[in-house]
Amino acid sequence: MKYTSTRSYCPTDSLKAVLNSIAPDGGLYISKDILNMSFDWKQCLKLNTPDMSKMICKALLDDFDNIESIIEKSYKDRFETKELTPLVKVGKNYVCELFHGPTCAFKDVALSVLPNLIVSARKKAGFENDTIILTATSGDTGKAALEAFKDVTGTKIIVFYPKEGVSEIQKRQMITQKGSNVKVCAVDGNFDDCQSAVKQAFNSIKDKGLASANSINIGRLIPQIVYYFSSYRDLLKTGEISQGEKINFAVPTGNFGDILAGYYAKLMGLPIDKLICASNSNNVLTDFLKTGTYNRNRPFFKTISPSMDILISSNLERLLFLLSDGNFNFVSNCMTELGTNGRYSVPQAILAKIQESFLFGSATEEETQDSIRQCYYQNNYLLDPHTAVAWNVTQKLNSGKTVVLSTASPFKFSTSVSKALDLSCQGSEFELMKALSLKTSIAIPKSLSELENLPVLHNDCISKDRIVEYVRKELDLWI
Ligand SMILES: *Cc1c(COP(=O)(O)O)cnc(C)c1O
């Protein structure tokens, strides 16, 4: 497959797309070939999850010649469950649990693979210098990336997180991170500030081997396609659907990476009817999908689903590219307008195409809490606040068989979840975690309970306009 930037024609292959992460013109790497590729999706549905992943990654990252061993190595003993992402029936819907990896968030599915892709691509490209992974996080990417890259030879990783913008547990997961090649830094700003500064660092620091672990990296996006297939397979297996029947997926959305992977699955032939884009109070995407105008000039809310507190959804750029049939001018004009005026509008024809594949909706804070409570007391199933946003939107739309992607363990957000259940909310996050476990009889994931006694190893905190400088300084120390 040929890869290019979304903003101008700059042909490259999947190895370089993964290594460079972001194109020289600031665009994202993408292959137009996905629009008319032939993929034997029926055959894919016969496989177990790791084998599905091999088949999908092989098709889309076809310049890697060792995908099978990469996937094998990536998932070996990293997930609690052999099938990686189990599907459970909840009420008249289904939940695909993506949080059984080492950091209890869906990002583990792709970030388990990314380091091995990078190491393999470096080898093939004959890289001698270390690859420096720069990551902005809204809470979960940071820890998943740290855990994935720690002590991986030839790589170093720096994670920036918004100081007040992540949950207590998410923060503790990051500041207690061990590893000789990791650096974690708090930023006085929000996720968009962190992500913009990281993109700026990519543009201004060239030839130093920077790479990204965010979903702007195509190597992050592609391994996420697999659970759309595995969910469909599981529904077939249990007789909930018949072969070829179209289903919906509801996706708690922030940077538009997870849901874009679903769109890829649809393009590859998987019978998906609608992808439901669910937002919290930061509902910039809901408005865009409804009106065709993307406008980030609006208040930024800190919510109980912090990993979705995002006003600049980077991966939308890739959707615009695909829907305009690879129109570089169109995409780059939109992105220039977003940069200068904070808004852009797409033509009616593009909006119509978007609405063919996407439904949308948002949940307020109150609705999110109501959904956690109702789902628990009606179905005996505990949702985390991100999943609850998608659950809420799914209930409101009520449009056919839907798989809700569950993106995090509820124990990562014990304060908000126990509040929603009306448990008396006192004590530390860890006490609340235990209370929640007692109430629900669900075991606390070990990687979360052990955080309580781990020493804090990272205390750096900087203002948002010093991120690039911080990166330069670390590079000087390291190289
Ligand atoms: C990252 C994240 C999301 C949003 O995913 P995107 O790919 O950024 O849209 C949703 N829920 C949780 C728990 C996350 O960590």
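Basis for what follows: all heavy atoms, side chains included, without hydrogens, waters or symmetry-related copies. In each ligand, atom 1 is the first atom listed, and ligand 1 is the first ligand listed. Only a predicted model underlies this, so the values are computations on that prediction, with no experimental measurement involved.
Proximity annotation for atom 13 (C) of ligand 1: of Leu285, Asp140, Val251, Asp140 comes nearest, heavy atoms only. When the heavy-atom distances from atom 8 (O) of ligand 1 to Thr141, Thr103, Asn255 are ranked, the shortest goes to Asn255. Among Arg220, Lys107, Met308, the residue whose heavy atom lies closest to atom 2 (C) of ligand 1 is Lys107.
The closest donor-acceptor contact from the side chain of Tyr294 to the backbone of Ser313 lies under 3.5 Å. His386 contributes no side-chain N or O that, together with a main-chain N or O of Ala408, makes up a donor-acceptor pair within less than 3.5 Å. With hydrogens and angles ignored, the 3.5 Å screen pairs no side-chain donor or acceptor of Ser305 with any backbone N or O of Thr303.
Counting only N and O atoms by type, the side chains of Arg220 and Ser215 include no donor and acceptor under 3.5 Å apart. Inspection of the Ser314 and Lys199 side chains reveals an N or O donor paired with an N or O acceptor under 3.5 Å. Between the side chains of Asn190 and Asp309, not a single donor N or O lies within less than 3.5 Å of an accepting N or O. Using a 3.5 Å distance cut-off with no hydrogens or angles, the side chains of Asn214 and Gln195 do not pair a donor with an acceptor.
Not a single N or O atom of Ala105, backbone or side chain, sits closer than 3.5 Å to an N or O atom of ligand 1. Looking at ligand 1, you'll find an N or O of Gly254 within less than 3.5 Å of one of its N or O atoms. For His386, no nitrogen or oxygen atom sits less than 3.5 Å from a nitrogen or oxygen atom of ligand 1, counting backbone and side chain alike.
Applying the 4.0 Å criterion to heavy atoms of Thr253 picks out, from ligand 1, the atoms 9 (O). Numbered from 1 in the order shown, with element, the atoms of ligand 1 that lie under 4.0 Å from a heavy atom of Gly257 read 6 (P), 7 (O), 9 (O). Taking a cut-off of under 4.0 Å to the non-hydrogen atoms of Ala408, the atoms of ligand 1 that pass are 13 (C). Which parts of ligand 1 touch Thr407 is read off a 4.0 Å heavy-atom cut-off, strictly below it: atoms 10 (C), 11 (N), 12 (C), 13 (C).
Pro252 O, 3.4 Å is the protein heavy atom nearest to atom 10 (C) of ligand 1. The protein non-hydrogen atom at the shortest distance from atom 7 (O) of ligand 1 is Asp258 N, 2.8 Å.
Heavy-atom distances between Phe106 and ligand 1 reach below 4.0 Å in at least one pair. The shortest separation from a heavy atom of Ser215 to ligand 1 is not under 4.0 Å, leaving the residue out of contact.
Distance check, rounded to the nearest 0.5 Å: CZ of Phe411 to CG of Leu436 gives 5.0 Å.
Between Arg233 and Glu83 there is a salt bridge, with a side-chain nitrogen of the basic residue lying less than 4.0 Å from a carboxylate oxygen of the acidic one.
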